[in-house]
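All chains are named by letter (A, B, ...) in the order of the sequence lines, taking the proteins before the strands, and each is independently numbered beginning at 1. Worth knowing before you read on, the calculation uses all heavy atoms, side chains too, and leaves out hydrogens, waters and symmetry mates.
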Amino acid sequence: MPELPEVEVVRRGLAEHVTGRRVRGVEVSHPRSVRRQPGGAAELVERLDGQLLRAVRRRGKYLWLELGDDAPEAALLAHLGMSGQLLVQPAERPDEKHLRIRLRFDDDGPELRFVDQRTFGGLTVTDVTGPDALPVPVAHIGRDPMDPAFDAEAAVGGLRRRRTGLKRALLDQTLVSGIGNIYADESLWRARLHYERPTATLTRPEGRRLLTAAREVMDEALAAGGTSFDALYVDVHGDSGYFDRALAVYGQQDRPCPRCGTPVRRAPFMNRSSYWCPTCQPRPRRRHP
DNA sequence: CGAGTATCCTGTCCGC
DNA sequence: TGCGGACAGGATACTC
């Protein structure tokens, strides 16, 4: 559930506090947090210990540290899942209850801790591929709306070629990445589009409107330090952002739509919830063949 | 192959 | 006070 703005908050914190430092000492205390590493904890430690962290990068909700002295030779790839946190902590700070992985450095400065209550997230050391040196598991992920090379026209075309509902397409990270349940609902509200609108009926202007809305809402969330309503989404110091106070519909069932005052509705969707304003975002009429 | 769904996990909250 | 169930939900393995 940390989505693009929350992950970017973490990326910036890591860039400030761990770039240019060399790993010396890695401890894995929960196997599930390294389940994507083919050789498990032993392989992660073997590939990570002694490496220089040369840069911190992000695409969508994926975050990675480039490993290598002169060129990116591999990457420490992180996904926060629903409850993952990357914390920069003084070594003497007591371990968090859900501490899963600890990285120490050769400068004896603060350590990097991966803390994850629900263990949907994890760390992996992976090879990098292509001219952009992307970690292999990230190669299939689409660019996100904050990427300078994001091609909105191509993304609109991609949306229109899908045969599904709009929100389902937004949550699919291959077309546009970085959008999860919160920002999907907020973006659809801003663009005045219903979450079950068939992608095939989307006009180009509507598609542009939606992607612009997504970009705007995530920009604003980032400026507020990210969204947090249950203290799980925090920066590298464990502090929360403030964007939850600005949410228009997400989690706002029965509260008035900020635009028209109609009570916000909630409905089950894909094992989670969708929130929308029934006036601003009317359900699409069923097409009759 | 595209679309849709089951599944993983732990903590909190609510009703009874 | 305890207990069962709903809910939070990203990514992937899986089926059709």
Side-chain angles (χ1 to χ4, degrees), chain A residues 1-8 10 28-38 40 58-64 77-86 95-101 114-124 126 134-142 144 157-188 195-202 214 218 226-234 240 243-244 247 249-254 264-275:
Chain A
M1 198 164 31
E3 304 179 30
L4 188 155
E6 293 75 40
V7 178
E8 177 61 17
V10 174
V28 177
S29 48
H30 197 304
R32 196 172 142 79
S33 299
V34 294
R35 67 192 180 284
R36 306 208 183 290
Q37 192 78 49
R58 182 189 58 73
R59 175 171 287 193
K61 304 170 198 169
Y62 285 87
L63 179 69
W64 65 95
L77 180 63
H79 199 292
L80 302 180
M82 285 185 45
S83 56
Q85 306 174 343
L86 283 164
D95 289 359
E96 292 76 8
K97 180 177 179 187
H98 301 293
L99 175 64
R100 309 302 190 193
I101 300 169
F114 180 70
V115 176
D116 190 9
Q117 176 195 103
R118 297 174 209 172
T119 66
F120 277 64
L123 303 186
T124 323
T126 78
L134 292 179
V136 171
V138 177
H140 75 287
I141 299 295
D144 61 67
L159 279 176
R160 282 157 47 87
R161 280 190 294 275
R162 303 298 292 276
R163 291 295 177 269
T164 184
L166 209 40
K167 181 167 174 179
R168 208 180 277 276
L170 282 182
L171 295 177
D172 179 342
Q173 304 295 302
T174 57
L175 211 48
V176 179
S177 67
I179 301 175
N181 205 40
I182 298 173
Y183 297 112
D185 282 358
E186 292 296 308
S187 303
L188 288 161
Y195 65 100
E196 283 184 322
R197 173 71 177 274
T199 48
T201 70
L202 194 70
M218 291 196 289
T227 296
S228 177
F229 41 75
D230 64 2
L232 284 178
Y233 322 136
V234 297
S240 298
F243 193 69
D244 52 317
L247 294 172
V249 288
Y250 183 83
Q252 309 297 312
Q253 184 178 15
D254 297 333
V264 169
R265 297 201 53 195
R266 184 189 84 86
F269 176 79
M270 290 175 75
N271 275 335
R272 56 206 69 170
S273 295
S274 270
Y275 298 89

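- Using a 4.0 Å heavy-atom distance criterion, A/Y62 is classed as a sugar-phosphate-only contact.
- Look at A/T119 and you won't find any side-chain N or O under 4.0 angstrom from OP1 or OP2 of B/dC8.
- Rounded to whole Å, atom P of B/dG2 lies 12 Å from atom CG of A/L175.
- Taking only side-chain nitrogens and oxygens, A/S273 comes nearer than 4.0 Å to OP1 or OP2 of C/dA8.
- Contacts of A/R35 with the nucleic acid, taken as non-hydrogen atoms under 4.0 Å apart, are absent.
- Nearest-nucleotide mapping onto DNA chain B: of A/T164 and A/N271, the residue sitting toward the 5' end is A/T164.
- Between B/dG11 and A/H98, a contact under 4.0 Å exists linking OP1 or OP2 to a side-chain N or O.
- In this structure the side chain of A/S274 reaches within 4.5 angstrom of the side chain of A/K167, judged on heavy atoms.
- For the pair A/K167 NZ and B/dG4 P, the interatomic distance rounds to 15 Å; values are reported in whole Å.
- Straight-line distance from the NE2 atom of A/H79 to the C1' atom of C/dG10: 6 Å, rounded to whole Å.
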* Chi angles and distances behind the side-chain contact (heavy atoms from CB on, under 4.5 Å) call for A/W64, A/R59 -> CA-CA 9 Å; A/W64 65 95; A/R59 175 171 287 193; 3.9 Å; yes
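- Between A/Q173 atom CD and C/dG10 atom P there is a gap of 8 Å when expressed in whole angstrom units.
- Distance from the side chain of A/R163 is smallest for B/dA3 among the nucleotides C/dG10, B/dA3, C/dT12.
- As rounded to whole Å, 15 Å separates atom C1' of C/dA8 from atom CG of A/L247.
- Atom-to-atom, NE2 of A/H140 to P of C/dA11 comes out at 8 Å; the value is rounded to the nearest Å.
- Proximity of a side-chain donor or acceptor of A/E3 to a complementary backbone N or O of A/Y183 within less than 3.5 Å is detected.
- Counting only distance, with no hydrogens or angles, the side chain of A/Q173 and the backbone of A/G178 share a donor-acceptor pair below 3.5 Å.
- Between the base of C/dG10 and the side chain of A/R272 there is a donor-acceptor pair shorter than 3.5 Å.
- Place A/R168 and A/R32 on DNA chain B by their nearest nucleotides, and A/R168 ends up nearer the 5' end.
- A close approach under 4.0 Å does not occur between any side-chain nitrogen or oxygen of A/K97 and OP1 or OP2 of B/dT10.
- Within the 3.5 Å criterion, the main-chain N or O of A/Q117 finds a donor-acceptor partner in the side chain of A/R100.
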* Asked: A/R32 and A/T119: side chain to side chain donor-acceptor pair (under 3.5 Å), yes or no, with the steps?
  -> CA-CA 7 Å; A/R32 196 172 142 79; A/T119 66; 2.8 Å; yes
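- One can place CZ of A/F269 at 14 Å from C1' of C/dG10, the figure rounded to the nearest angstrom.
- Donor-acceptor pairing under 3.5 Å, judged by distance alone, is present between the side chain of A/R118 and the base of C/dA8.
- Residue A/Y275 places at least one side-chain N or O closer than 4.0 Å to OP1 or OP2 of C/dA8.
- When each of A/P137 and A/F120 is assigned the nucleotide of DNA chain C bearing its nearest heavy atom, the one mapping closer to the 5' terminus is A/F120.
- Atom C1' of nucleotide B/dT12 and atom CE of A/M82 are separated by 12 Å, given to the nearest angstrom.
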